Visitor: 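One structure coming up, written as structure tokens, with questions to follow.
Treat the numbers as computed from the prediction; the structure is a model and nothing was measured.
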Amino acid sequence: MIVEAKKARFTEPLKLKGGAELPGFEIAYETYGELNAARSNAVLVCHALNASHHVAGSYAADPENIGWWDNLVGPGKPLDTNKFFVVGNNYIGSCFGSTGPASVNPATGRPWGADFPVVTVEDWVAAQARLADHLGIERFAAVIGGSLGAMQALQWALSFPERIRHALVIAATPRLSAQNIAFNEVARQAIMTDPDFHGGHYYEHGVVPRRGLRIARMIGHITYLSDDAMMEKFGRVLRDKTAPGFDFDIDFEIESYLRYQGDKFASYFDANTYLRITKALDYYDPAAEYGGDLARALARAKAQFLVVSFTSDWRFASSRSREIVKALLDNRGIVSYLEIDAPHGHDAFLMDDPRYHGALAAYFANIAL
Amino acid sequence: MTESDYIARWVAPGARVLDLGCGDGSLLKHLWRARQAPGYGVEFDDAHVLACIRNDVNVLQMNLEDGLSAFRDGSFDCVILSETLQAIHHTEALMREMLRVGREVIVSFPNFGHWQARLQVALGRMPVSTELPYRWYDTPNVHLCTLADFEDFCRGLGVTILERLVLRNGVPVGTLPNLLGRYALYRCARG
């Protein structure tokens, strides 16, 4: 499937949850399939931490660059683009095309850098609603996302109950735990204490806080995999040697893997974006304004839900998804819940486990248009 | 009439139903069609959960042995445990949970007191029949009981039996139910 990235420009300012205002913005997006005449077959895909609007297919000029959820989205795939009009979008604050910290601040003519406001899940959903307006989509047949993307799918049901028929909430949590926030804070400290960070204005110094980003990614990566999956993949195998070196070079395969992942990430990801995304994660808590009562927070949702968790996910454990399910049941909502016994940890939502993809395929097949 | 038809007669139109061990969701689908009763199924097995989603039935993949903490007190008109009682380990705890979340409870199970089962045991064999198709070494059943056993169990828990239906090959049995009935359905409520 050959796809094309597009941009939509919005001139009306966006009032953000944190109080700041974004004076106009762009959203990068891609679409797959055709919007039907009734405009009833649109599905919005929301991405997690480091992904983008490039959900499926590849570009004519860059055939190696395959979308991050290509195993799920496409003709004949579980989210079948022969039936649905699928919209991938890049959230604001990102570094892949939508307006973000590296974009030019119209007030100064220089990159926003540290001055780019902190954006939230609610802000992303509000911006996505503008994109829906732009595409002529009054109501989505479904909004789907994993991890941070799942928070957006859930928030769609709360921000725009009339504009979403189905919410597919995968590997989710209704709010981060203290441990989740702790990992995010270590990642942020790694970035902000990098001498090349320059208080977030590193663009104008012609440097990037590569060391900080690298460590942030290494920490994040540990939380995406299960202990078992890591042991299975790397064990205690030594890297290119038969005995430990008794020095501080790479000994174990896992060290090499983390360094590789860190280097790769630091070469393309923006540190200011990373800081803002982790804050968006930390702040998300729809129950907060209801005294912590998630059931009350979800009372206004009208969408039908499919909630999916993975038993080996310790970042957002199954018990967190069950909190969402319970809150929906307390409201007599329509919900199905799958707890997939998959070994891959949090990253399982990106894999094509046949039970997981089989259920998504069946669920999407039953959505009437 | 199928067992589903008999159960449907006990479910009021529009009642909120929870079906525990719902299999492929066909009973819930039947109750929706016959009684417009919306509901949820609870199922643990991956293949059954997938079948439920295909059947467009709300299914929650949970282990009944962990209890029903996802559900509020009295949140269902009717909680159904169909052909599952005999495979539950924490039978008493689950029965209490069912009575907590449901106003009424429908339980169905194969009658271990049927004369063929008794005869097979008397002849020195573990019973195998249409209702009890497993052999002793491959059965998922851990708590088989007779009608009399179940009624004692209810009495002990302070559960009132509102209605009982005993079947043999899909037909109600009038006389000597614990001997001639192959299958039992009970409608119960808190005492």
Side-chain angles (χ1 to χ4, degrees), chain A residues 78-79 142 165-171 174 293-296 298-299 303-311 313 318-343 348 353-368, chain B residues 14-29 31-33 36-80 97-98 100-103:
Chain A
L79 177 43
R165 289 169 55 214
H166 295 266
L168 289 88
V169 175
I170 302 164
D293 186 339
L294 188 63
R296 279 178 58 213
L298 301 196
Q304 302 184 23
F305 279 76
L306 177 65
V307 179
V308 182
S309 75
F310 302 93
T311 52
D313 183 352
S318 291
S319 54
R320 311 309 311 277
S321 283
R322 286 197 295 265
E323 289 175 38
I324 298 173
V325 172
K326 176 158 179 33
L328 292 167
L329 288 171
D330 286 348
N331 286 299
R332 305 190 160 193
I334 296 181
V335 53
S336 282
Y337 171 58
L338 262 76
E339 196 167 296
I340 311 268
D341 186 15
D353 183 290
R355 293 162 296 181
Y356 166 47
H357 272 198
L360 290 189
Y363 191 87
F364 277 118
N366 278 334
I367 294 180
Chain B
R16 280 175 54 79
V17 176
L18 180 64
D19 184 5
L20 304 177
C22 66
D24 65 3
S26 47
L27 175 60
L28 281 165
K29 204 168 178 174
L31 291 175
W32 174 248
R33 284 183 180 157
Q36 289 74 54
Y40 306 90
V42 175
E43 183 53 65
F44 194 56
D45 178 77
D46 288 325
H48 283 153
V49 169
L50 178 58
C52 286
I53 291 182
R54 289 210 173 107
N55 272 327
D56 214 0
V57 159
N58 300 321
V59 63
L60 306 165
Q61 190 165 29
M62 295 173 179
N63 187 348
L64 291 179
E65 305 286 2
D66 296 339
L68 303 176
S69 58
F71 307 102
R72 276 190 181 169
D73 296 2
S75 51
F76 292 92
D77 298 309
C78 181
V79 179
I80 299 170
E97 277 285 86
M98 290 167 67
R100 176 182 68 77
V101 303
R103 221 166 32 77

Visitor: Locate the shortest heavy-atom distance separating Tyr40(B) from Arg332(A); write the atom from each residue and the value.
Guide: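 Residues Tyr40(B) and Arg332(A), closest heavy atoms: OH-C, 3.6 Å.
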
Visitor: For Ala295(A) versus Arg72(B), what's the shortest heavy-atom pair and its separation?
Guide: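 Result for this residue pair: CB-NH2, 4.0 Å.
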
Visitor: Where on Phe44(B) is there a heavy atom nearer than 4.5 Å to chain A: the side chain, the backbone, both, or neither?
Guide: neither

Visitor: Kindly compute the distance separating CD1 (Ile53(B)) from CG (Leu306(A)), expressed to the nearest 0.5 Å.
Guide: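 Taking CD1 in Ile53(B) and CG in Leu306(A), the distance rounds to 5.5 Å.
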
Visitor: Looking only at atom types and distance, does a side-chain atom of Asn366(A) sit under 3.5 Å from a main-chain N or O of Asn55(B), one as donor and one as acceptor?
Guide: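 No, the answer is negative, given that no donor and acceptor are paired below the 3.5 Å cut-off.
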
Visitor: Just how far is it from atom OG of Ser318(A) to atom CD of Gln61(B), taken to the nearest 0.5 Å?
Guide: 9.5 Å

Visitor: Measure distances from Val335(A) to the heavy atoms of chain B and classify the residue's part below 4.5 Å as side chain, backbone, both or neither.
Guide: both

Visitor: What part of Val49(B) gets closer than 4.5 Å to chain A, counting heavy atoms only: side chain, backbone, both or neither?
Guide: side chain

Visitor: Quick check for you: among Glu323(A), Glu339(A), Gln304(A), Arg322(A), which has the greatest number of heavy-atom pairs under 4.5 Å with chain B?
Guide: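 If we count pairs closer than 4.5 Å to chain B, Glu339(A) comes out on top.
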
Visitor: Relative to chain B, which segment of Ala359(A) carries a heavy atom at a distance below 4.5 Å: side chain, backbone, both, or neither?
Guide: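 Contact with chain B: backbone and side chain both.
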
Visitor: For the CG atom of Leu68(B) and the CG atom of Leu329(A), what is their distance to the nearest 0.5 Å?
Guide: 11.0 Å

Visitor: Search all heavy atoms of Ala362(A) against all heavy atoms of Arg54(B) and return the closest pair with its distance.
Guide: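 Between these two residues, the closest heavy atoms are CB-CG, 3.8 Å.
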
Visitor: In chain order, what residues pass the ring-ring contact (aromatic ring centres under 6.0 Å, His included) check against His48(B), with sequence neighbours excluded?
Guide: none

Visitor: To the nearest 0.5 Å, what is the distance between CG (Leu338(A)) and CG (Leu50(B))?
Guide: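 That separation rounds to 8.0 Å.
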
Visitor: Could you tell me which portion of Asn58(B) (side chain, backbone, both or neither) has an atom closer than 4.5 angstrom to a non-hydrogen atom of chain A?
Guide: both

